[in-house]
Amino acid sequence: MDEPGKKAYRLTANKTRFYKLAKWWFPDICPMRQTSFVKYPRSRDYALDFRSGTYYHHLFLSVCCGSPLLGDQWHTYTEDGKKESGWETVPLKLEQLHELGMLEEVQICTK
């Protein structure tokens with residue numbers, strides 16, 4: 001029998017939902033038509049490539065050890081033409097993903 005209050009969720013995304021999440025983090029994101037959405041095969045991992053100001057971003061959305069994570073691989077060019085890049089990862093809250101419709105509830109099998 002399922003424990004009361006215990007629920008399991010599965011991460012699910014499409015371009016529109018992922019764009020809304022990216023817009024929350026990067027308000028000056030380019031229009032959605034100029035972004036590129038990736039659904040990695042045989043997994044629940046997603047990516048969104050876009051430009052925000054002078055920065056180019058590759059956002060990666062995945063779950064690690066039961067926690068949703070958003071990874072941002074970014075790069076930009078300095079005034080003298082040198083490329084600067086970095087990688088940042090932030091944990092996401094389930095409430096935020098739920099509001100965006102990026103979680104689906106799944107049955108818990110307890111036998």
Side-chain angles (χ1 to χ4, degrees):
M1 198 166 13
D2 294 342
E3 295 179 36
K6 292 277 187 177
K7 295 182 180 179
Y9 296 99
R10 181 179 299 144
L11 183 65
T12 183
N14 62 26
K15 186 175 184 177
T16 304
R17 292 175 184 156
F18 201 175
Y19 181 84
K20 287 180 184 177
L21 176 66
K23 191 158 182 73
W24 189 84
W25 286 94
F26 304 98
D28 59 343
I29 187 173
C30 63
M32 189 163 57
R33 283 188 206 144
Q34 297 174 7
T35 65
S36 176
F37 177 74
V38 178
K39 161 63 173 96
Y40 291 97
R42 296 180 296 282
S43 71
R44 296 259 174 192
D45 297 337
Y46 307 90
L48 189 68
D49 296 319
F50 62 92
R51 192 176 58 89
S52 177
T54 60
Y55 288 83
Y56 297 89
H57 296 272
H58 176 79
L59 281 187
F60 182 74
L61 179 63
S62 186
V63 175
C64 182
C65 300
S67 298
L69 297 174
L70 185 66
D72 179 19
Q73 182 179 10
W74 57 268
H75 74 270
T76 189
Y77 294 95
T78 62
E79 290 179 9
D80 56 349
K82 292 184 181 178
K83 184 177 180 179
E84 290 183 356
S85 61
W87 174 266
E88 300 171 18
T89 304
V90 293
L92 296 174
K93 296 186 182 208
L94 291 178
E95 295 81 25
Q96 184 179 21
L97 293 174
H98 195 273
E99 286 175 16
L100 294 169
M102 297 176 81
L103 294 177
E104 63 179 298
E105 194 170 338
V106 295
Q107 294 285 10
I108 300 174
C109 297
T110 56
K111 288 192 179 192

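Sequence positions, counted from 1, serve as the residue numbers for this chain.
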With rounding to the nearest 0.5 angstrom, report the CG to CD distance, Leu59 to Glu88. 10.5 Å

Is there a side-chain contact between Thr78 and Glu84, using heavy atoms and a 4.5 Å cut-off? yes

Test side-chain contact (heavy atoms from CB on, under 4.5 Å) on Thr35 and Lys15; report intermediate values, then the result. CA-CA 9 Å; Thr35 65; Lys15 186 175 184 177; 3.0 Å; yes

Hey, do the aromatic rings of Phe26 and Tyr55 have their centres closer than 6.0 Å? no

With His57 as partner, the option from Trp74, Trp25, Phe50 fulfilling ring-ring contact (aromatic ring centres under 6.0 Å, His included) is Phe50

Lys20, NZ: over 12 other non-hydrogen atoms inside 6.0 angstrom: no

Roughly how far, to the nearest 0.5 Å, is the NZ atom of Lys82 from the OG1 atom of Thr76? 14.5 Å

Flag yes if Ile29 and Val38 sit in one hydrophobic cluster, no otherwise; membership is Ile, Leu, Val, Met, Phe, Trp, Tyr, and two members link when side-chain heavy atoms are under 4.5 Å apart. no

Indicate, with yes or no, if the rings of Phe60 and Tyr40 have centres closer together than 6.0 Å. yes

Could you tell me the separation between the CG atom of Leu92 and the NE2 atom of His98, rounded to the nearest 0.5 Å? 15.0 Å

Verify the cluster assignment for Leu97 and Val90: are they in a single hydrophobic cluster under the rule of side-chain heavy atoms below 4.5 Å apart? yes

One should read off an interatomic distance between Met102 CE and Arg17 CZ, to the nearest 0.5 angstrom, of 8.0 Å

May I ask you to check whether His58 and Tyr56 place their ring centers less than 6.0 Å from one another? no

With rounding to the nearest 0.5 Å, note down the distance linking OG1 in Thr12 to OH in Tyr46. 4.0 Å

Establish whether Trp87 and Tyr77 are linked, either directly or via other cluster members, by ILVMFWY side-chain heavy-atom contacts under 4.5 Å. no

Take Leu100 and Tyr19, measure what side-chain contact (heavy atoms from CB on, under 4.5 Å) needs, and give me the verdict at the end. CA-CA 10 Å; Leu100 294 169; Tyr19 181 84; over 6 Å; no

How many angstroms lie between OG1 in Thr89 and CD in Gln73, if you round to the nearest 0.5 Å? 10.0 Å

Quick one: do Leu69 and Ser62 satisfy side-chain contact (heavy atoms from CB on, under 4.5 Å)? Show the steps, please. CA-CA 6 Å; Leu69 297 174; Ser62 186; 5.7 Å; no

